> 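My structure is below; once you've seen it, I'll send some questions.
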Amino acid sequence: VVADGAFAAFNLVDSSVIKRIHAIVTDADGGEGVIQAMAHPHLLWILHPHSDNLDEIVTLAQHLVELGRSVVVTHQLEEEIDGAINVGGITDGDRAACIARCVLIPTEIKLKGFSTNQLGRWSNHSNQEMKLLKLDWMARVLDALGFNGFRTNQPKS
């Protein structure tokens with residue numbers, strides 16, 4: 001399960017790795033990574049609308065349906081929403097970890113290519129202060145999921 005624009009990183013490694021990716025989690029701001037992922041029909045698309053991305057999600061969902069891709073919609077509200085599931089998480093990254101955690105135990109999951117203390121190459125940098133707050137919450141979610149020790153391999157700020 002890959003989060004949003006981080007899919008672009010997989011085009012920098014052996015292409016056989018992409019075949020092992022089952023899903024991409026996105027709120028439609030992943031730029032080139034999301035565009036690149038569209039070329040892979042085997043991917044399940046897990047879309048996450050929120051208050052300021054509804055138009056982008058609708059456009060992306062319509063395009064994916066036209067391409068014949070499989071789409072799931074998530075949310076993070078306490079109440080139920082018809083047709084959407086709440087898998088947990090506050091960022092695309094920890095939402096991807098929540099989805100993986102639904103079917104695997106933490107020791108079978110490898111968290112790669114992310115940081116909880118600085119913005120990465122494939123992060124949305126439009127509101128850096130808010131993104132850093134979300135990364136702190138992401139760390140809390142990952143801790144709650146049982147990913148103990150994941151912070152020890154993270155880049156230092």
Side-chain angles (χ1 to χ4, degrees), residues 1-77 81 83-104 109-139 141-142 145 147 150 153-155 157:
V1 179
V2 173
D4 208 38
F7 190 89
F10 289 95
N11 285 319
L12 303 175
V13 298
D14 182 359
S15 62
S16 67
V17 174
I18 291 176
K19 292 178 179 130
R20 294 180 18 222
I21 299 170
H22 297 284
I24 181 168
V25 178
T26 183
D27 58 4
D29 69 356
E32 190 61 31
V34 170
I35 293 167
Q36 292 171 4
M38 283 187 215
H40 301 279
H42 72 284
L43 293 177
L44 169 66
W45 286 78
I46 302 165
L47 305 182
H48 187 77
H50 46 73
S51 62
D52 63 352
N53 75 341
L54 294 176
D55 292 339
E56 292 87 350
I57 286 289
V58 168
T59 300
L60 178 58
Q62 289 171 337
H63 185 66
L64 292 169
V65 168
E66 289 169 5
L67 290 173
R69 304 302 193 258
S70 298
V71 176
V72 172
V73 179
T74 65
H75 70 88
Q76 61 194 53
L77 304 172
I81 298 176
I85 58 172
N86 184 347
V87 295
I90 190 150
T91 71
D92 293 319
D94 60 320
R95 192 168 301 111
C98 288
I99 290 165
R101 185 62 179 89
C102 287
V103 294
L104 300 168
I109 300 169
K110 305 240 185 299
L111 302 178
K112 300 285 186 186
F114 77 100
S115 173
T116 58
N117 59 14
Q118 66 184 22
L119 301 186
R121 177 175 172 184
W122 290 282
S123 292
N124 183 337
H125 290 249
S126 61
N127 185 339
Q128 293 184 17
E129 185 176 329
M130 178 61 75
K131 183 66 175 185
L132 289 171
L133 289 172
K134 288 180 179 181
L135 292 179
D136 181 59
W137 275 103
M138 179 177 91
V141 169
L142 294 174
L145 288 173
F147 294 109
F150 72 90
N153 297 323
Q154 299 309 303
S157 42

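As the structure is a computational prediction, the values presented were derived from the model and not from experiment.
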> Just how far is it from atom NZ of Lys134 to atom OG1 of Thr91, taken to the nearest 0.5 Å?
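It is 8.5 Å, given to the nearest 0.5 Å.
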> Run the side chain to side chain contact (heavy atoms under 4.5 Å, CB included) check on Val2 and Phe10 step by step: do they pass?
CA-CA 9 Å; Val2 173; Phe10 289 95; 3.5 Å; yes
> Ignoring hydrogens and angles, state whether a donor on the side chain of Thr26 or Asp92 is under 3.5 Å from an acceptor on the partner side chain.
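Looking only at side-chain atoms, Asp92 and Thr26 do not form any donor-acceptor pair under 3.5 Å.
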> Could you state the interatomic distance from CD (Gln128) to CG (Leu133), rounded to the nearest 0.5 Å?
12.5 Å
> Locate the shortest heavy-atom distance separating Pro49 from Ile57; write the atom from each residue and the value.
CA-CG1, 3.8 Å
> Working to the nearest 0.5 angstrom, can you tell me the gap between Ile109 CD1 and Arg101 CZ?
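Rounded to the nearest 0.5 Å, the CD1-CZ separation comes to 6.5 Å.
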> Pairs in or reaching into residues 67-76: which pass side chain to side chain donor-acceptor pair (under 3.5 Å), with residues at least two apart or in two chains?
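Passing the test, one end in residues 67-76: His48-Thr74, His48-Gln76, Gln76-Arg95.
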> Measuring from Leu132:CG to Trp137:CH2, what's the distance to the nearest 0.5 Å?
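One gets 15.5 Å once the value is rounded to the nearest 0.5 Å.
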> Quick one: closest heavy-atom pair of Glu56 and Ala28, and the distance?
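So the two residues come closest at CB-CB, 3.9 Å.
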> Just do the side chain to side chain contact (heavy atoms under 4.5 Å, CB included) check on Val34 and Phe7 with the steps written out, would you?
CA-CA 7 Å; Val34 170; Phe7 190 89; over 6 Å; no
> Working to the nearest 0.5 Å, report the span between CD1 of Ile35 and NE2 of His63.
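Ile35 CD1 to His63 NE2: 9.0 Å, rounded to 0.5 Å.
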> For Gly88 and Cys98, which heavy atoms make the closest approach, and how far apart are they?
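Looking at all heavy atoms of both residues, the shortest contact is C-SG, 3.6 Å.
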> Are Val73 and Ile81 packed together at the side-chain level, in the sense that at least one heavy-atom pair is separated by less than 4.5 angstrom?
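Side-chain contact under 4.5 Å: no.
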> Counting distance only, does the side-chain N/O of Asp4 pair as donor-acceptor with the main-chain N or O of Ala6 below 3.5 Å?
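Not at all, since once roles are kept as given, no pair shorter than 3.5 Å links the two residues.
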> Kindly give the heavy-atom pair with the smallest separation between Ala96 and Val1, and that separation in Å.
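The answer is CB-CG1, 3.4 Å.
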> With side chains defined as the heavy atoms from C-beta onward, is the minimum distance between Leu43 and Ile21 less than 4.5 Å?
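The answer is yes; the side chains approach within 4.5 Å.
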> Given the rule in the side chain to side chain contact (heavy atoms under 4.5 Å, CB included) test, do Asp29 and Asn53 qualify, once you have shown the distances and angles that lead to the verdict?
CA-CA 8 Å; Asp29 69 356; Asn53 75 341; over 6 Å; no
> Which class fits the ring pair His40 and His42: parallel under 30°, tilted 30 to 60°, perpendicular over 60°?
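Rings of His40 and His42: perpendicular, over 60°.
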> Does a side-chain heavy-atom distance below 4.5 Å link Val71 with Leu47?
yes
> Going from CG on Asp27 to CD1 on Ile46, what distance comes out if it is rounded to the nearest 0.5 angstrom?
13.0 Å
